[in-house]
Amino acid sequence: MEGPLVSAAEREDRRRAAVFGKVRRALAGEGEGEARREAVRERLSRHKANVIPARGQVDGESRVALFAEMAEKVSATVERIASPEDLPEAVAEYLRAKNLPSALRMGADARLRDLPWQKAPQIELKHGPSDGHDLATLSHAFAGVAETGTLYLVSGEDNPTSLNFLPEHHLVVIAASDIAGDYEAVWAELRARAEKEGLPRTVNLITGPSRSADIEQTLLLGAHGPRALHIFVVGKG
Amino acid sequence: MSLHITSPAFKENAVDALANVDLQQALAHVERGFIHKRQAAVDALPEFEALRREAKAIKDHTLAHLDLYLEAFEENALKAGAEVHFAETAEDARQAVLEICRRVGAKTVTKGKSMISEEIGLNTFLEASDIVPVETDLGEYIIQLRGETPSHIIAPAVHVTRSQVEADFRRVHTHLDPERDLTEPVSLLSEARAALREKFLAADVGITGANFLVVETGSSVIVTNEGNGDLTQILPRVHIVIASLEKLVPNLEDVSTLLRVLARSATGQEMSVYTTFSTGPRRPGDPDGPEETHIVILDNGRSEMLADEYREMLRCIRCGACMNHCPVYHAIGGHAYGATYVGPMGAVLAPALFGLEHTANLPNASTFCGRCESVCPVGIPLPKLMRHWREREYERHLKPATERSGLALWAFLARRPKLYRLATRIGLAALSPFGRKGRFAWLPLAGGWTRHRDLPAPAAKSFVAQWKARS
Ligand code: SF4
């Protein structure tokens, strides 16, 4: 037993040394040190994709159509919008159709904040992270993946992560041109961005609204996260 | 302390399970639900087999270089502002978590679903230290209310029926109207959602597991459908990740490949709803997210597996496909295994983690039909590894001679399914020389399921006949 005289830091060091010692001993037969190091360096820096399914490898409008099809398959709803200027009215219409109060929370993302909200003056706009009592929130996606209808959302002041999980209805805007075929393409973009500002704290890949099948394997939407995920695809692919 | 392993009573557990009407009703959902959904997802992706081969290769490469990847992961996680803690044993991991909770004065912690937490008995330990752990995954919440352990690695409450959930909610949620209608699953879900929402907002610390730890970025990844894991890690001030050594994956491309086989194998989804990459604590200017991120990396017997033939088991990505396709699991559920990990993967993993002397029955809890291996997304030869445990057991002379010879006969029959079924249905008497006087050492399905514990022989209905007769 470690006595009370051992400091927390010393305990941590001992535990670390014990684990590394055992793992190194277990791998002692794996061969020469430098070759192994080189293999690891190469793997961590080359960013080489493995097999990428053919499904997502389509362009333009077909890619947008595949994204929408896959997202709808997992119970998201998708709405095409010609221009960002049309968003305030489309949002107002969504809230009305779902019998929701005319209130919406969003982050500081200029692509959302600077929209002509005067076109839908009835909507009460709130900003900042969610306090857990919002029925509807609006986020801007970083990217999308057609292969599985997946959205990428990144944390930060622009699009607080709590907006993705706390509301009943999560509304997400994505530019059609930001829809990629596969995850690998989005990682490449995120890496490029990370070189400048580091990786965001949280990257959420979201594929449909929250669900659970924990009660008798019956699929139910809206377990802890949103019951509804509504995606506005803006522009042409 | 902590873990209560009931594997030595496997046979009694199994007999009880077969006679348990509620359990049998609940288990029918496993067989009906998971198998077809997985198959449909596999059929919809022509590259699935190629992805499986790659997934296996990624894991093999990582395990062969695990020391170097651990160093690199630690370095990158630290760079991102996380703290990394290593734990050689379950006790080390519990202490690491407790030290953090104590330092920040935590009273309640919310928890995302984590099998490592189950493995180290974290909840009991925290409770004994006056910290209230609240499970937030719906299935985990249900079994926490019932004082049970998970019976499946991805569907922890799969053994519970809807009416049992209703009874538990009425018993615990006493502040609600006793006349409320809870007959529909959706009303149960809404009630749990409301009850847990308050807990999420009040917790001091959030504890999650990790499906993957990404070396390249120092990130931890959780894959969930409910969103509870995310609320667990973004709302409290402190986020603790507990994960075992073998969760490491080199880079984002490798994770993408593993993700493509994980959800399809697990639930038949193309992709789970939420796949979240968390890298360090919140950044300056971030309006939400934890202020501290800790990653506890657990060994607990895995480095020994790395050194021997059980290294292959460390490829496991905990999809649950092996148990979803296992006829023994379908018949008796997870609790009969009496260990944290159940089904075929548990039969290989539990002896490595908890000692063969406590779990020797589990590698025998199989018909060796091979379905588990055929669906495993990372190609783990589960029947072979189970057989190796049995051989080790004989080498250690843990078995009396009669059972050893009985086992040879059993193995002979098991390779011949028709004969096997026949023998188990009508031929019990023929096997009786291997049993003791008037008693029968339940040979047909698994000679040595329980040492020194016999059932009255012959059973009125064989095990195979009983599970055939269900539903
Ligand atoms: S052993 Fe294979 S099939 Fe079973 S849980 Fe692990 S990865 Fe899935």
Side-chain angles (χ1 to χ4, degrees), chain A residues 8 12 15-16 18-20 22-27 30 36-37 39-40 43-44 47-51 53-54 70 107 128-129 132 148 150 155-157 160-162 165 183-184 187 198-218 220 222-225, chain B residues 29 33 45 47 50-51 54 64-70 72 85-88 92 99 138-139 157 162 165 185-186 188-189 193 197 201 215-217 225-228 230-231 234 250-253 256-257 270-271 273-280 282-283 285-289 299 303 306-307:
Chain A
E12 292 263 357
R15 291 171 187 162
R16 182 184 184 282
V19 172
F20 271 97
K22 281 176 127 178
V23 172
R24 287 190 187 118
R25 274 195 300 283
L27 294 172
E30 289 292 332
R36 295 180 70 235
R37 283 189 185 279
V40 166
R43 186 87 175 204
L44 291 179
H47 306 149
K48 183 174 159 293
N50 305 311
V51 169
M70 297 311 291
T148 47
T150 300
S155 59
E157 207 189 352
T161 304
S162 52
F165 295 98
Y183 316 114
E184 284 80 351
W187 292 131
L199 210 58
R201 195 275 158 181
T202 309
V203 179
N204 294 121
L205 280 62
I206 299 182
T207 313
S210 160
R211 66 201 59 202
S212 174
D214 274 340
I215 301 172
E216 292 192 345
Q217 298 298 297
T218 310
L220 301 168
H224 290 292
Chain B
H29 300 293
L45 191 70
E47 294 88 352
L51 287 162
E54 272 188 341
H65 300 82
L66 195 60
D67 50 341
L68 302 173
Y69 280 123
L70 276 171
H85 312 265
F86 288 89
E88 186 188 357
D92 288 348
E99 277 167 26
L138 180 59
R162 179 174 32 177
V165 178
V186 67
L188 294 168
L189 180 77
R193 180 184 166 108
R197 188 51 71 93
L201 296 165
V215 176
E216 174 193 358
T217 55
N225 278 321
E226 296 183 6
N228 65 304
D230 288 279
L231 292 173
I234 56 175
N251 59 42
L252 295 165
E253 283 75 12
S256 305
T257 300
E270 299 256 349
M271 186 76 166
V273 178
Y274 302 114
T275 301
T276 294
F277 290 65
S278 309
T279 314
R282 70 161 79 174
R283 310 282 185 258
D286 278 2
D288 47 25
D299 179 345
S303 53
L306 199 57

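Lettering follows sequence order; numbering is per chain, from 1.
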Considering only heavy atoms, which portion of [X] lies under 4.5 Å from any heavy atom of chain B: side chain, backbone, both, or neither?
X: A:E12; value: side chain
X: A:R25; value: neither
X: A:Y183; value: both
X: A:E216; value: both
X: A:A213; value: neither
X: A:T150; value: side chain

Chain A contact via [X] - which portion, at a heavy-atom distance below 4.5 Å:
X: B:N225; value: both
X: B:L51; value: side chain
X: B:I234; value: side chain
X: B:E99; value: side chain
X: B:A64; value: both

Judged by atom type as modelled, is there a donor-acceptor pair below 3.5 Å linking the side chain of A:N50 to the main-chain atoms of B:T257?
-> no
Taking every non-hydrogen pair under 4.5 Å, which of [options] racks up the most with chain A?
options: B:S278, B:G227, B:G289; answer: B:S278
options: B:E88, B:E253, B:H85, B:H65; answer: B:E253
options: B:L201, B:L252, B:L68; answer: B:L252
options: B:L70, B:T217, B:D299, B:L138; answer: B:L138

Picking from [options], which has the most non-hydrogen pairs under 4.5 angstrom with chain B?
options: A:H47, A:R24, A:M70; value: A:H47
options: A:G225, A:G128, A:G208; value: A:G225
options: A:I215, A:L220, A:L199, A:V51; value: A:V51

Separation of [Y] [atom2] from [X] [atom1] (nearest 0.5 Å):
X: A:R36; Y: B:D67; atom1: CZ; atom2: CG; result: 4.0 Å
X: A:R43; Y: B:N251; atom1: CZ; atom2: CG; result: 6.0 Å
X: A:S155; Y: B:R283; atom1: OG; atom2: CZ; result: 7.0 Å
X: B:R193; Y: A:S210; atom1: CZ; atom2: OG; result: 6.5 Å
X: A:R201; Y: B:T279; atom1: CZ; atom2: OG1; result: 7.5 Å

Could you check whether any side-chain heavy atom of [X] comes within less than 4.5 Å of a side-chain heavy atom of [Y], counting everything from C-beta outward?
X: B:V215; Y: A:L44; value: yes
X: B:L45; Y: A:P53; value: yes
X: B:F277; Y: A:P200; value: no

Take B:R162 and A:T218 through the side chain to side chain contact (heavy atoms under 4.5 Å, CB included) test and state the conclusion after the steps.
-> CA-CA 10 Å; B:R162 179 174 32 177; A:T218 310; over 6 Å; no
On a heavy-atom basis, which atom in [X] and which in [Y] lie closest, and how many Å separate them?
X: A:G132; Y: B:R197; value: O-NH1, 3.4 Å
X: B:T276; Y: A:F165; value: OG1-CZ, 4.4 Å
X: B:D286; Y: A:G156; value: OD1-CA, 3.3 Å
X: A:R211; Y: B:E226; value: O-CG, 3.3 Å
X: B:S303; Y: A:A26; value: O-CB, 3.3 Å
X: A:R15; Y: B:F86; value: CB-O, 3.1 Å

Go through A:N204 and B:Y274 one step at a time and tell me if the side chain to side chain contact (heavy atoms under 4.5 Å, CB included) criterion holds.
-> CA-CA 7 Å; A:N204 294 121; B:Y274 302 114; 5.9 Å; no
Report, as yes or no, whether the 6.0 Å neighbourhood of atom CD on A:Q217 holds more than 12 heavy atoms from other residues, nucleotides or ligands.
-> yes
For B:E54, which residues count as a side chain to side chain donor-acceptor pair (under 3.5 Å) partner, sequence neighbours excluded?
-> none
Partner residues of A:R16 under the salt bridge (Lys or Arg N to Asp or Glu O under 4.0 Å) criterion, sequence neighbours left out = B:E74
Exercise: do A:T148 and B:E270 side chains pair donor with acceptor under 3.5 Å | no
Would B:L306 and A:L27 satisfy side chain to side chain contact (heavy atoms under 4.5 Å, CB included), going step by step from the backbone distance to the final call?
-> CA-CA 7 Å; B:L306 199 57; A:L27 294 172; 3.9 Å; yes
